[in-house]
Asks: 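The structure under discussion is supplied below as C-alpha cells; questions concerning it will follow.
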Amino acid sequence: MGQILKLDEQAAARYTPDHLVTRDFGTLTDAVEQTAAALALTATERDRSGGTAWTERQVLRDSGLLKLAVPAAFGGPETPWPTIYKIIRRFAEVDSSLAHLFGFQHLQVASVTLFGNPEQKALYLGKTVSENWFWGNATNGLDTRATLVWREGKDSADGYYELNGIKSFCSGATGSDMLNITAPRSADPADRVFLSIPTARDGVKVLDDWDNLGQRQTDSGSVTFDKVRVEAHEVLGPPGTSGTPRATLRTLVSQLILIEIYIGNAQGALLNAWKYTHEQGRPWFTSGVARAIDDPFTQQHYGDLRIALRGAIALAEDAAAKLQTAWERGDALTAEERGALAVAIYETKIAAARAALDITAKIFEVMGARATAAKYGFDRYWRNVRVHTLHDSLDYKLKDVGQWVLTGEVPAPSIYS
C-alpha cells in the first residue's frame, strides 16, 4: 500500500488543486487515501469488465474501515456519520461501485444497531469488529418473493423459521460473510422483519446476474433461498423495524449514502475534466487564446459545474450533521424531528441528483469530442449516477417536500422515506 500511496500523492499534487478539494478525514486520512488510491488504479478497466472486484473488496477489508459505524459499546470506533459520508464520497470519486459496497456495509451495521436487541447487537456488531465481517444485503422492500414460515419442532424450543424465495438488487451479497434479509413472517406483507444470517448457510445461493449499464461491480444481483433454516433469535428485534422514530432512521441513513455516491461521481467527473482540460484541452479556434483554460466559454462552464457541485456538497454536509444530531437523540427522538430530518435529506437528494446528472454529462462540453474515447472511461460517471438515481422515485421525494412547504406536514416513514 505504501507504493500505491506514493503514486496517488504524485497524481494529487498535479491534478487535484487545493482550491477545489481538500482531503481531511482526521485520524483516518491515511487509511482513506491509501484505500482510495488502490481503488483508483484499475477503476476504469474494472468498470468495463464488470463482475466482482475481489481484489478491491479485500482492500476494503484490509483498510480497517468496515467497522467505522460500530458503536463503542461493541468494540467499534463509533465514527460520526458526517465522517463516514465524506469517506463514501471520496471512494465514489474514484470507484463508485466499491463506494456503494462500502456505504452499504455501514447501512447493514446501522440496521443491526437500530433493530436488534442487546444480545443480537453484542453478537453481530462484536463479530463485525473481531472477525472483520463484510456484510451484504437482500432487503429490497419492493421485492416480496421471499417468504418466512414458522415450522414447529418436536417441542417448542425446536421451532424455527423456513426462508424460501428470491430477492433482487442484493448489493454486496457476493463474497459477504453475513446477510441482512427482509421477509414477511405472516400473510400480512406489512409484517416485514429483518433477519441476519451467514451468507454461507445451506440453501442460500448468490447469483451472478447483475449486468447493468452503471454501478457494474456492486454485485447487485439476486439471491435465492431454498428451505433456509432461520432461528428465532436471528430475526432482529425488539425494537425491530416498527419501534420508535429512532428505528426508522435506517431509511434516512440509506438515502444519504445514495446522495454521497451521486456527489462523489460528480466530483470525480469534474476533477478528471479539470485534469484533461489542463493536459489535452484545446481552445476554440476563434477564441483568441492559446490555452483551453483561458477560453472564456470553458471558464463559464466550469463556473456553472463548480457551483452546482458546491451546492450539493453544502446541502449534504448540513443533512449529515442533522442526521448525527438525530442519531444521538436516541429514543428521545420525536416523530416530528425525524420528519424534519427527512425533509432536509429529500431536498438534498433532489439537488444532488440533478447536479450529478448535469455535471457528469456536461464535462464533455468542456473537454471536447476527443474525450469521448473509450480509453478514458469518462462516461462511467454518468452511467453510475443514471443507475443510482433510479433507486427510488425522486418525483415522490419532491412531492413530499412540496407538501411540507404548503402544509407543514412531514413525510411518513416507509421503506423508502
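Sequential numbering from 1 along the given sequence is applied to the chain's residues.
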Asks: Hey, is NZ on K362 packed in by over 12 heavy atoms from elsewhere, all under 6.0 Å?
Replies: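 No, not enclosed.
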Asks: Counting neighbours of CG on D202 that are heavy atoms of other residues, nucleotides or ligands and sit closer than 6.0 Å, is the number greater than 12?
Replies: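 Incorrect, the count does not exceed 12.
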Asks: Please report the shortest heavy-atom distance between E260 and A316, naming the atom on each side.
Replies: OE2-CB, 3.8 Å
Asks: Is Y302 close to T298 at the side-chain level, that is, under 4.5 Å between some pair of heavy atoms?
Replies: yes
Asks: Taking all non-hydrogen atoms of both residues into account, name the closest pair between I263 and A312 and its distance.
Replies: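 Heavy atoms of I263 and A312 come nearest at CD1-O, 3.6 Å.
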Asks: Identify the residue among I197, V235, V228, V230 that makes a side chain to side chain contact (heavy atoms under 4.5 Å, CB included) with I181.
Replies: I197
Asks: Does E56 offer a backbone N or O that forms a donor-acceptor pair with the side chain of R46 under 3.5 Å?
Replies: no
Asks: Taking A40's backbone N and O only, do any of them form a donor-acceptor pair with D95's side chain (distance below 3.5 Å, no angle check)?
Replies: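 Here the side-chain-to-backbone pair does not exist.
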Asks: Can you find a side-chain donor-acceptor pair between T199 and S176 that sits under 3.5 Å?
Replies: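 On atom types as modelled, these side chains qualify, holding a pair under 3.5 Å.
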Asks: Could you check whether any side-chain heavy atom of L271 comes within less than 4.5 Å of a side-chain heavy atom of K275, counting everything from C-beta outward?
Replies: no
Asks: Taking atom types as modelled, find out whether Q403 and D400 have a side-chain donor-acceptor pair closer than 3.5 angstrom.
Replies: no
Asks: Checking N140 side chain against L142 main chain: does a donor-acceptor pair fall under 3.5 Å?
Replies: yes
Asks: How close do R216 and R48 get, heavy atom to heavy atom, and via which atoms?
Replies: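 Heavy atoms only, the tightest pair is NH1-O, 2.8 Å.
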Asks: Please say whether more than 12 non-hydrogen atoms of neighbouring residues, nucleotides or ligands are located less than 6.0 Å from CZ in F169.
Replies: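 No.
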Asks: May I ask you to decide if L66's main-chain N or O and Q105's side chain share a donor-acceptor pair within less than 3.5 Å?
Replies: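 Here the side-chain-to-backbone pair exists.
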Asks: With no hydrogens and no angle check, is any side-chain donor or acceptor of R338 less than 3.5 Å from a backbone partner on A326?
Replies: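 Looks like no, no N/O pair under 3.5 Å.
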Asks: Could you go through the side-chain hydrogen bond (donor to acceptor under 3.5 Å, both in side chains) check for R380 and T44 one step at a time?
Replies: CA-CA 8 Å; R380 72 185 186 275; T44 304; 3.2 Å; yes
Asks: Does G50 offer a backbone N or O that forms a donor-acceptor pair with the side chain of Q217 under 3.5 Å?
Replies: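 Checking the backbone N and O of G50 against the side chain of Q217, a donor-acceptor pair under 3.5 Å is found.
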Asks: Can you label the angle between the H388 ring and the Y262 ring as parallel, tilted or perpendicular, going by 30° and 60°?
Replies: perpendicular
Asks: Do the side chains of V21 and Q267 get nearer than 4.5 Å, heavy atoms only?
Replies: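 Yes, close enough: below the 4.5 Å cut-off.
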Asks: If you measure from the Lys or Arg side-chain nitrogens to the Asp or Glu carboxylate oxygens, is any gap between K322 and D318 under 4.0 Å?
Replies: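 Judged by the 4.0 Å cut-off on N to carboxylate O distance, K322 and D318 do form a salt bridge.
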Asks: If we count only N and O atoms by modelled type, under 3.5 Å, do the side chains of K167 and T182 hold a donor and an acceptor together?
Replies: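 Judged by distance alone, the side chains do pair up.
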Asks: Indicate yes or no: does R229 engage E234 in a salt bridge with an N to O separation below 4.0 Å.
Replies: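 Not counted as a salt bridge, because no side-chain N and carboxylate O are separated by less than 4.0 Å.
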Asks: Within the distance-only criterion (no hydrogens, no angle test), does the side chain of Q255 pair as donor or acceptor with the backbone N or O of S417 below 3.5 angstrom?
Replies: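 It does not hold such a pair.
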Asks: Testing the basics here: between A353 and T389, what is the closest heavy-atom pair and its distance to 0.1 Å?
Replies: CB-CG2, 3.7 Å
Asks: Applying side-chain hydrogen bond (donor to acceptor under 3.5 Å, both in side chains), run through T139 and N137 and close with a yes or a no.
Replies: CA-CA 6 Å; T139 62; N137 94 98; 2.8 Å; yes
Asks: Do Q215 and S96 meet the criterion of a side-chain donor-acceptor pair at a distance under 3.5 Å?
Replies: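 A donor-acceptor contact under 3.5 Å links the two side chains.
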Asks: Tell me the closest heavy-atom pair linking A110 and W327, and the distance in Å.
Replies: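 Here A110 and W327 meet closest at CB-CH2, 4.1 Å.
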Asks: Given side chains that start at C-beta, do those of L249 and L341 come closer than 4.5 Å, heavy atoms only?
Replies: yes
Asks: Determine, using ring centers only, whether Y416 and Y396 are less than 6.0 Å apart.
Replies: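 They do not qualify: ring centres at least 6.0 Å apart.
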Asks: Heavy-atom distance under 4.5 Å between the side chains of M367 and N272, does that happen here?
Replies: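 Not touching, per the 4.5 Å side-chain cut-off.
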Asks: Taking it one step at a time, do R57 and T52 satisfy side-chain contact (heavy atoms from CB on, under 4.5 Å)?
Replies: CA-CA 8 Å; R57 287 180 66 107; T52 300; 4.0 Å; yes
Asks: With a 6.0 Å cut-off (strictly less than), is the heavy-atom count around CG of D208, excluding the residue itself, greater than 12?
Replies: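 12 or below, so no.
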Asks: List, one per line, each side-chain donor-acceptor pair under 3.5 Å for residues 67-88, sequence neighbours excluded.
Replies:
| from | atom 1 | to | atom 2 | distance (Å) |
| --- | --- | --- | --- | --- |
| E78 | OE1 | A72 | N | 2.8 |
| T79 | OG1 | L68 | O | 3.4 |
| Y85 | OH | V253 | O | 3.0 |

Asks: Does the distance from a Lys or Arg side-chain N to an Asp or Glu carboxylate O, for R383 and D47, drop under 4.0 Å?
Replies: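 Yes, charged N to carboxylate O under 4.0 Å.
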Asks: Say whether, by atom type as modelled, one donor and one acceptor occur between the side chain of Q120 and the main chain of N117 under 3.5 angstrom.
Replies: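 Side chain of Q120 to backbone of N117: a pair is present.
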Asks: Using every non-hydrogen atom in the two residues, find where S196 and M178 come nearest and quote the distance to one decimal.
Replies: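 Shortest heavy-atom contact: C-CE, 4.1 Å.
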Asks: Can you tell me if S63 uses its side chain to pair, donor with acceptor, with the backbone of L65 under 3.5 Å?
Replies: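 Yes, the answer is positive, given that a donor and an acceptor are paired below the 3.5 Å cut-off.
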Asks: Calculate, to the nearest 0.5 Å, the distance between atoms CG and NZ belonging to L258 and K349 respectively.
Replies: 5.0 Å
Asks: Please state whether the rings of H278 and W274 are parallel, tilted or perpendicular, taking 30° and 60° as the class boundaries.
Replies: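 The rings of H278 and W274 sit tilted, inter-plane angle from 30° to 60°.
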Asks: Quick one: does W54's side chain get under 4.5 Å of T174's, heavy atoms only?
Replies: yes
Asks: Are the side chain of T241 and the backbone N or O of R192 linked by a donor-acceptor pair below 3.5 Å?
Replies: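 Yes: the side chain of T241 pairs with the backbone of R192.
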